[in-house]
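Data block below; observations after.
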Amino acid sequence: YHGLTIQAIIPIIISEKLFLQLTPSYNMNNINNEREDTFIGRFFIAYSLSTKMQITSLYTANIENKINTINLRLSIYF
């Protein structure tokens with residue numbers, strides 16, 4: 001199998017504590033045979049609660065396959 005992915009990473013800094021990132025990608029899977037192209041969009045947000053604690057969330061949407069995932073995370077830095 002051979003494929004190709006075209007992806008853009010768009011960072012958006014709202015403030016020192018709030019950061020967003022948009023990542024659309026177009027995936028061309030199995031180029032040689034029956035192609036299974038997919039469009040996937042990712043939306044990442046990070047908010048610093050303090051210098052040692054950050055809460056983040058990632059939303060991933062696979063448009064063609066109608067698969068959506070949400071990830072919520074709390075990071076504590078020692």
Side-chain angles (χ1 to χ4, degrees):
Y1 295 103
H2 298 286
L4 175 69
T5 298
I6 300 169
Q7 179 177 356
I9 300 173
I10 305 161
I12 303 168
I13 300 171
I14 304 296
S15 69
E16 288 185 15
K17 292 188 168 198
L18 185 60
F19 172 78
L20 305 172
Q21 182 174 301
L22 303 173
T23 310
S25 65
Y26 183 73
N27 305 301
M28 293 172 272
N29 302 316
N30 198 6
I31 290 176
N32 292 335
N33 296 318
E34 297 178 20
R35 283 186 35 187
E36 300 170 7
D37 296 358
T38 56
F39 177 78
I40 298 174
R42 291 181 182 88
F43 176 73
F44 174 79
I45 185 168
Y47 182 77
S48 296
L49 299 170
S50 69
T51 57
K52 296 195 176 222
M53 198 175 336
Q54 184 180 60
I55 189 165
T56 62
S57 181
L58 174 66
Y59 172 71
T60 303
N62 184 325
I63 306 301
E64 280 75 19
N65 297 323
K66 298 179 182 173
I67 299 171
N68 300 302
T69 59
I70 297 174
N71 178 324
L72 183 62
R73 176 180 2 191
L74 177 66
S75 300
I76 300 172
Y77 305 100
F78 295 96

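- The cluster map of Ile, Leu, Val, Met, Phe, Trp and Tyr, joined by side-chain heavy atoms under 4.5 Å apart, puts F43 and Y47 in the same cluster.
- A continuous path of ILVMFWY side-chain contacts below 4.5 Å connects I12 to I55, so both sit in one hydrophobic cluster.
- Residues L22 and I9 do not share a hydrophobic cluster, defined by chaining ILVMFWY side chains whose heavy atoms lie under 4.5 Å apart.
- The hydrophobic cluster containing L58 does not contain I63, counting ILVMFWY residues as joined when their side-chain heavy atoms lie under 4.5 angstrom apart, directly or transitively.
- The CD1 atom of I40 sits 11.5 Å away from the OH atom of Y26 when rounded to the nearest 0.5 Å.
- Linking Ile, Leu, Val, Met, Phe, Trp and Tyr whenever their side-chain heavy atoms come within less than 4.5 Å leaves I10 and F44 in two separate clusters.
- Annotation: the span from N62 atom CG to T38 atom OG1 amounts to 5.5 Å, rounded to 0.5 Å.
- In terms of heavy-atom proximity, D37 sits nearest to E64 at O-CG, 3.9 Å.
- The line from OG1 of T51 to NZ of K17 is 9.5 Å long, rounded to the nearest 0.5 Å.
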Sequence neighbours excluded and cut-off under 3.5 Å, please list the side-chain donor-acceptor pairs for residues 68-78, or say none.
residue: N68; atom: OD1; partner: Y59; partner atom: OH; Å: 3.1
residue: Y77; atom: OH; partner: Q54; partner atom: OE1; Å: 3.2

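- At a threshold of 4.5 Å between non-hydrogen side-chain atoms, the residues S25 and R42 count as touching.
- Atom CD1 of I13 has 12 or fewer heavy atoms from other residues, nucleotides or ligands within 6.0 Å.
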